Each structure stands twice: as structure tokens, then as C-alpha cells.
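Below: one structure, written as C-alpha cells.
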Amino acid sequence: MASEESLQFAEHLRQSNHLTKTSGHGDPAEQGGSDRRQGKLWELTDLSAGEFAEEAARFYGLECVALQDMLSAPPRVASFSQRFLREMMVFPYQSADGTPVLAVADPTDMAARRAAEIVLGAGVAVKVASFEDLTVALNLRLGDEDVEAGGDGATRQPREDDIESLRDLASGAPVVRAVNDLLEKAVELRASDIHIEPFHTGLVVRMRIDGLLRPVAAPVGVLPQAVISRIKIIASLNIAERRLPQDGAARLRAGRSDVDIRVAIMPTQHGESAVIRILPKDRGLLVVEKLGFSPADDATLRRLLTLPHGMIVITGPTGSGKTTTLATILSILNEPVRKILTIEDPVEYEIPGVNQSQIKPTIGLTFAAALRSFVRQDPDVIMVGEVRDSETAHVAIHAALTGHLVLTTLHTETAAAAVPRLLDLGVEGYLLRSTLRAVVAQRLVRQLCERCKLPKMLTEADLAEDPRLGAFGFRAGETIAEPCGCERCGGMGYRGRLGVFEILELTNDLRQMISEKTDGLKIDETAIRAGMTTMLDDGIAKCRAGLTSPAEIFRVTTGR
């Protein structure tokens, strides 16, 4: 039941326009005292932890205490149980004049005050501290107590039998807000991944934005193990398991967006590392015009998709956009007259009307096992997330032979390299000649920010400074676009990515070259002579169109 003082404080915050959200039920003022530490009330405000503490101190007429003051004073935590201090969110210490002080997050919590007076004696001074500062102070000082009691400074992390305390800490307002803020920031910056890495100096957080990692501020005032535990709770993982890697998933709302996340936890020297893959639920991404195909390649791809059977392979390294291209192709093929089945790891894009399955190796549902069942489901189109082994390759080839259009991905550097790779997986040459229709190779390059990109006329000095420009056909007097940097793109000069592609269509001449000793380089040369546009050529055309810069194309396609 909310106390009268808590309700008055909630009303004060509302009148000050600090209450910006509701928890979904009732008046926020009525919820103000529903949580012992006012954590619920804080979550409904637009105030930081420090600002909330200052506002509470002013309202209740108390002094506010900073983290540094609490840490520099002699602690009095030994007289209390750890559970009491953490649940009540209080930190007892001794001031310079010898007066016992109780730092609290909620000044209306009279039970905590009475307990402190019983232990420390009458005359305990009460001061207000932020939730985050109290969490840090308790973690540090209770950690010190653990070291003294054990006589061994080896463990500041929670023990195996301290899982419940860690779970409680991970569910506390500071940790919940810290993780939510990270997710919201990632969505706001259009990041594809969040990397949370523990080192001896603390957590390091980086976000992959437009393909490149960018450091961001790590959560402050929260225990690193609590952050990782919170992520595990979100992804329904075992927070007690800290020795083995774990993978999980969740669907949640970050800011104003609904996102799916994939979580990968890996033990490291200084704790557990977490990588969160963010998958936006934006169906607008699956539009072929947004991928970046040239008009000629777009026409070739659409013609290939009219084929009744055969195999089309998408190749490229990890993170090159293969899954997005496959999902976009499925969106094109997704018509009521076709039955489409997919087996993926994981299902990244949900496409209405398409029967999508996710592999579960622990119960025997592998790519190969699913494919065998698919052919009995009378499909028209089959999508295999990735050909990883010989068994999957053979089943996919036979599915293409029996009258299905099979789409899949493969990890190779170029389109031509997919042929020797499939042969290396044990596919017979005569089967490959009969089933392989085309290979699409791709990379993702950063797109110049439309708001701040600048035109630049190349000079002889530019060509001399970077000989690659001349080697790839740029001439003096030609105008290109260069990155500049503005508020919209975060000063990077780039915003968003688009693909550069090459489509290797299997002609009769190329099929005759497929044998057990096929040379990918010779296939590549023959295809180029026949008119295939390489990824580098496609990238240079996009440079001339002002979509990206030569430096970006060289970085992605030549590695320099």
C-alpha cells in the first residue's frame, strides 16, 4: 500500500512534468509507493538515477550523498546481512565526525530506518542516494567483506550458491534500465549487433553500425555480472551456467520498435561476453529495389526466378546480407499459387504465407533432415538457410533434380568459387551441371549520407595519390561523391548500406567446364568474357552514381 508521503511525492513529480510514462494500470501517482525502493516510480519518470535522488532529497528535506562520499567513509555493512542491505537498498557508513549515516533510496521506508537504529544506535542520520550509486557501493563493500571473510581475493563474482542474489540484482531497476537503454540506443543508431565484453577494467560495449564496430558508453553503476544475467533472463537462458556457451532468443519492444534478438553468451577470461543480434520487424526491408541490384542484374534475377526447378546459390562472407537477399527473393516468389518451405538457423525474417522452420540439432532436426521431409510436403520452392556439409548439399541437389526450385547460401569469396566448393562437398559434377542455374555473390558497402555528401572533381593529383582510382577506370575531371559527416549520420559521412553484386548464370559453355577438377578462376574469366558484371564493377558504377565512395568500394571488394 502506498504511503501518504509517497503519493505526495508522485504527485509532485507529475506536477513537475517528470512523470512521462505509465506502467499500464491506473494512475502513476497511485503506483508511487507500490515498490519499497520507489523503483517503479523512478521507471515512470524521465529523470536519471542521480536526478531522481536529488529531487527526492529536496522534497523530503534531506541531504543528498554522492557515491564518492559513501566509498571514502568507513562502511558499517558488517553489522547487517547482505540480503537486508540489498533488499532495502540502503548503505550504512560512518561520517567524519563519527555519526552513523544511513544512505537510502526511499526516504519513506521507515522499516529500514528502525532496523538501522536498532543495530547502530539512536541518532542515525538519513541521507538520500541514487539507486545506481547504492548498487555500486553495496557491490564494492559487500565484495570487500566477502574477500576478508574468505581470506582469498580470487572471487569478487557471485558464487555458484549466490544465484538467487544475482537474479534479484539483475531484476532491479538500475540493471533493467541499463539493458533497456542499450537496446533502445542500438535501435536508434540502426545497429545490427551489440557486443558486451568484460575486461579487468570493466565492461566494454560496442555496436556494429553499417558493418563497422563503434564504441559506445558502457552502463555505469551496475555490476557486469548483473548486466549479463539480465540479458540471459531476457533470452530465457540459464543464469547459473557460466562455464559453457549459450544461445537464446527473444522478442521485445525497444523504444517504438518491435525487434527480435538473438543472444550468444561466451565465457572469457574476465567473465562472460554477450553478443546481441538485432533483427528489426520491418517488412519494408524486403524490397528488391532497396538491395542495390543494377537494372541489368535485376532483370537477370527476375528471369531466373521464373525457372520451375534448379538451384540458385547466394554466396558471400558472414554479414554480407545473404539472408536479407534470400528473404527478399522469397517475397518476390510468395504468391498463392506457390507453396514455399524454408529451413533456417535462425528464422530472421517472418514472411506471411511462407512455411518457415528453424533447425534444432539437439533433437535431430538438421538442414538435411528437414530437406528430406520437405520433398514429401509437395513444395514448389525450398529455401535452405545454408549448405554447411556434404549431406545437406546432396539432399539439396536431389531436391532440385526432382522438380523444385531450391534457394540456398554458401560461404565463398566469389560467385565462380561456389562451383569448386560444391564439388569439394562431394556433389558429383554431372549432378551439378544438371541442377545449378546461377550463383549470386554479394558484399555490403556503406551508403553515403544523402544530407551531407559532397561532390568532388578528381584531379591528376588525386589519381597520383591513389593509383587504384586510375587502375579501375576513374579519370581526371570526373566527379564523384565523398563523405563529409553531419548530425544525421553521427559524423561518419555514411548512413545505411547497399549491396554490390555479381550474378554468374550457368551457360552451356560454363557447364562444360564443370568437372572434378574445376578451376574457379577459369570459370570467373569465362563468365567475365561472356559479359558478367563483377562486384568491383558494380561498386564502381555505384560510385559514379554518387551512392558510395571509391574508398568504401576498395575497402570491401579488394580489402585495401
Side-chain angles (χ1 to χ4, degrees), residues 179-197 203-219 227-228 231 234-235 247-266 273-288 290-292 314-331 344-351 358 385-386 409 411 442-449 483 488-501 547-548 552 555-557:
V179 174
N180 289 347
D181 287 348
L182 272 182
L183 291 168
E184 289 181 14
K185 186 176 183 66
V187 171
E188 179 186 343
L189 294 176
R190 301 169 298 102
S192 60
D193 302 86
I194 307 173
H195 294 249
I196 303 172
E197 301 156 326
L203 283 181
V204 173
V205 179
R206 295 182 290 173
M207 295 184 183
R208 190 174 295 280
I209 303 169
D210 294 336
L212 297 180
L213 285 172
R214 187 187 303 179
V216 298
V227 173
I228 300 298
I231 294 170
I234 291 173
D247 295 321
R251 176 174 297 177
L252 47 83
R253 187 165 186 84
R256 292 178 293 177
S257 304
D258 291 320
V259 297
D260 280 349
I261 64 170
R262 301 288 182 267
V263 175
I265 305 292
M266 172 64 70
S273 169
V275 177
I276 304 173
R277 167 67 58 88
I278 298 174
L279 307 170
K281 307 299 293 179
D282 184 3
R283 290 276 300 130
L285 294 172
L286 305 183
V287 179
V288 70
K290 292 186 178 182
L291 295 179
I314 314 292
T315 74
T318 301
S320 60
K322 300 187 299 296
T323 302
T324 301
T325 299
L326 267 183
T328 305
I329 290 174
L330 289 180
S331 296
E344 307 171 59
D345 181 28
V347 176
E348 295 194 11
Y349 295 101
E350 291 186 12
I351 307 173
Q358 181 167 329
E386 183 182 345
T409 71
H411 284 85
Q442 69 178 77
R443 299 288 188 278
L444 290 178
V445 297
R446 291 180 295 169
Q447 191 168 356
L448 288 168
C449 176
R488 180 172 179 264
C489 62
M492 302 299 293
Y494 298 93
R495 181 178 171 84
R497 290 190 290 177
L498 74 161
V500 291
F501 301 90
L547 298 175
T548 188
E552 181 68 6
R555 179 185 70 84
V556 172
T557 60

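Along the sequence shown, the residues carry numbers beginning at 1. Bear in mind the structure is a predicted one, so any value in this text is a computation, not a measurement.
- Taking every heavy atom of both residues into account, I228 and A274 meet most closely at CD1-CB, 3.9 Å.
- Distance SG/C489 to CG/L189: 12.0 Å, rounded to 0.5 Å.
- Under the salt bridge (Lys or Arg N to Asp or Glu O under 4.0 Å) criterion, E197 pairs with R206, sequence neighbours left out.
- Between H195 and V204 there is no side-chain heavy-atom pair separated by less than 4.5 Å.
- With rounding to the nearest 0.5 Å, the separation of CE in M492 from CZ in R214 is 5.0 Å.
- Using a 4.5 Å heavy-atom threshold, the side chains of I351 and S331 count as touching.
- What you find for V259 and A254 is that their closest heavy atoms are CG2-CB, 4.4 Å.
- Of all heavy-atom pairs spanning I209 and A191, the tightest one is CG1-CB, 3.9 Å.
- Checking side-chain atoms of T409 against main-chain N and O of I314 turns up no donor-acceptor pair under 3.5 Å.
- Taken to the nearest 0.5 Å, the CZ atom of R253 stands 13.5 Å off from the CG atom of L183.
- A donor-acceptor pair under 3.5 Å is formed between the side chain of E552 and the backbone N or O of R446.
- Rounded to the nearest 0.5 Å, atoms CG (D260) and CD1 (I278) are 11.0 Å apart.
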(request) Apply side-chain contact (heavy atoms from CB on, under 4.5 Å) to F501 and T325, showing your working. (result) CA-CA 11 Å; F501 301 90; T325 299; 4.2 Å; yes

(request) Take T324 and Y349 through the side-chain contact (heavy atoms from CB on, under 4.5 Å) test and state the conclusion after the steps. (result) CA-CA 8 Å; T324 301; Y349 295 101; 2.9 Å; yes

(message) Evaluate R555 against L212 for side-chain contact (heavy atoms from CB on, under 4.5 Å), listing each step before the verdict.
(response) CA-CA 12 Å; R555 179 185 70 84; L212 297 180; 3.6 Å; yes

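- Scored by the salt bridge (Lys or Arg N to Asp or Glu O under 4.0 Å) test, D345 finds R388 as partners (sequence neighbours excluded).
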(request) Give the C-alpha distance, both sets of side-chain angles, the deciding distance and a yes or no for side-chain contact (heavy atoms from CB on, under 4.5 Å) between V205 and I194. (result) CA-CA 7 Å; V205 179; I194 307 173; 4.1 Å; yes

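- With sequence neighbours excluded, the residues that form a salt bridge (Lys or Arg N to Asp or Glu O under 4.0 Å) with R190 are D210.
- One finds the CD atom of Q447 at 11.5 Å from the CZ atom of R497 (value rounded to the nearest 0.5 Å).
- Distance check: D258 CG to L279 CG gives 13.0 Å after rounding to the nearest 0.5 Å.
- Side-chain atoms of Q442 come within 3.5 Å of backbone atoms of G321 as a donor-acceptor pair (strictly under, hydrogens ignored).
- Between the side chain of K322 and the backbone N or O of P317, at least one donor-acceptor pair lies under 3.5 Å.
- Applying the salt bridge (Lys or Arg N to Asp or Glu O under 4.0 Å) test to R495 and every residue at least two apart in sequence or in another chain returns nothing.
- With sequence neighbours left out, V263 forms a side chain to side chain contact (heavy atoms under 4.5 Å, CB included) with I231, A235, L237, I261, I265, I276.
- Residues S320 and L444 share a closest heavy-atom pair of O-CG, 3.3 Å.
- Every residue two or more places apart in sequence or in another chain that forms a side chain to side chain contact (heavy atoms under 4.5 Å, CB included) with A249 is listed here: R262.
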